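Just so we're clear, the structure is a prediction, and the values are computed from it rather than from any experiment. First listed ligand is number 1; within each ligand, the first listed atom is number 1.
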Amino acid sequence: MRLLNKVSLITGGSSGIGRETALRFAQEGARVVVVDVNDAAGQETVSLVQQAGGEAVYFHADVSKPADCEKMIAFAESTYGQLNILFNNAGIMHGDDDDAIATTEEVWDLTMAINVKGVFFGCKYGIPALRRAGGGSIINTASFVALLGAATPQLAYTASKGAVLAMTRELAVIHARENIRVNALCPGPLRTELLMKFLNTEAKKQRRLVHVPMGRFGEAREMADAALYLASDESSFVTGTEFMVDGGITAAYVTPE
Ligand code: NAD
């Protein structure tokens, strides 16, 4: 088992990437603290992990609130004695996120509060816990749009993911000698609720798929496998990376017919 005796905390664990990663980490022997604001779905993730023979607990925390983040880390340590893996994965893509002219300040602020401050607060309280455990792995979910402009306007989201990637690099450098690795997971477009709600017509979906050499949306399970690699000791010399799992998007100039 690749994560035996490790304790992990996953934000956004009620759905999509977070849920699949909770299942994957538990399968590899990790104990999992599932964090979200959607309590019913979070409990469901825990049930799914338990049904598969794994160990998980749910904790309600809004990652945009520092007090909640402080409590979620304390909960992980008091429940399982330590914290080894922190997956700052919760994020939103607001339905009204648009270009610079149409995007409102409210949409901008909410996106930044969850996507950027959420990662900051996770690290603010999580890093001392990882230090207490003698080191660990932090994975921050960014996106391919941290590197490429999006074809469908979503300015606040794109800016937020650029910030997550930049923050990840600096965290990696600052904490490298404390045995704490910090990497950004950069998914391509996925067939999860977050994106399918945003690309809510077939035309919008096809507009996005034009840019994916593999010609399909990625699956949350494929991100969970990537997160597993970054969480495990197999990636022991990997820190500060932008780990692209994007069906070839960032490699492409022209996509195949
Ligand atoms: P999802 O909507 O399925 O899951 C996101 C989860 O985060 C939900 O359970 C939601 O309740 C939770 N969440 C939202 N706000 C929160 C808050 N304030 N505090 C705690 N939890 C909160 O989406 P997903 O596709 O699994 O996305 C996970 C991450 O992956 C996000 O950071 C997203 O930006 C990123 N991402 C997704 C895609 C994609 O195409 N789906 C692509 C690149 C990056």
Side-chain angles (χ1 to χ4, degrees), residues 9-24 33-46 48 58-69 71-73 86-95 97 109-122 139-148 150-152 154 156-165 167-168 184-200 204-205 208-209 211-212 214 216-224 226-227 242-247 249-250:
L9 185 152
I10 301 172
T11 69
S14 293
S15 170
I17 298 175
R19 171 174 285 181
E20 288 300 321
T21 305
L23 285 159
R24 196 74 189 87
V33 179
V34 174
V35 171
D36 210 287
V37 286
N38 185 341
D39 298 341
Q43 296 291 0
E44 202 179 298
T45 298
V46 167
L48 289 168
Y58 176 73
F59 189 79
H60 175 100
D62 177 344
V63 297
S64 68
K65 296 186 178 148
D68 281 21
C69 290
K71 283 182 203 146
M72 75 183 182
I73 300 291
L86 173 61
F87 189 13
N88 291 310
N89 166 72
I92 60 157
M93 181 183 269
H94 200 289
D97 197 357
D109 286 346
L110 182 63
T111 303
M112 292 297 164
I114 296 171
N115 293 9
V116 183
K117 276 163 77 174
V119 173
F120 163 51
F121 294 143
I139 304 150
N140 298 325
T141 306
S143 168
F144 70 103
V145 300
L147 291 137
L148 295 176
T152 41
Q154 43 173 46
Y157 183 83
T158 299
S160 76
K161 295 304 186 179
V164 170
L165 182 55
M167 188 170 17
T168 299
L185 174 63
C186 296
L190 307 181
R191 210 169 49 84
T192 67
E193 208 168 307
L194 176 134
L195 188 64
M196 294 305 108
K197 264 197 300 197
F198 186 74
L199 303 179
N200 53 7
K204 283 185 191 169
K205 289 189 180 71
R208 186 59 69 90
L209 283 177
H211 298 276
V212 188
M214 284 190 175
R216 66 168 175 90
F217 291 105
E219 301 293 334
R221 170 66 189 223
E222 293 173 306
M223 303 307 118
E242 48 203 44
F243 198 76
M244 285 292 161
V245 190
D246 69 351
I249 296 176
T250 42

Enquirer: Can you name the ring-ring contact (aromatic ring centres under 6.0 Å, His included) partners of F120, sequence neighbours left out?
Expert: none
Enquirer: Could you work out, with ring-ring contact (aromatic ring centres under 6.0 Å, His included) as the rule, every residue matching F198, not counting sequence neighbours?
Expert: none
Enquirer: Run the side-chain contact (heavy atoms from CB on, under 4.5 Å) test against A113 and tell me which residues pass, sequence neighbours left out.
Expert: S64
Enquirer: I'd like to know if the side chain of N115 pairs up with that of S160 as donor and acceptor (distance under 3.5 Å, no hydrogens or angles considered).
Expert: yes
Enquirer: CE/M93 to OG1/T158 distance, rounded to the nearest 0.5 angstrom?
Expert: 7.0 Å
Enquirer: Exactly which residues line ligand 1, taking a heavy atom under 4.0 Å from it as the test?
Expert: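 Protein residues near ligand 1 are G12, S14, S15, G16, I17, D36, V37, A61, D62, V63, N89, A90, G91, I92, I114, T141, A142, S143, Y157, K161, P187, G188, P189, L190, T192, L194, L195.
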Enquirer: CD1 of I114 to NZ of K65: how many Å apart, nearest 0.5 Å?
Expert: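 That separation rounds to 10.0 Å.
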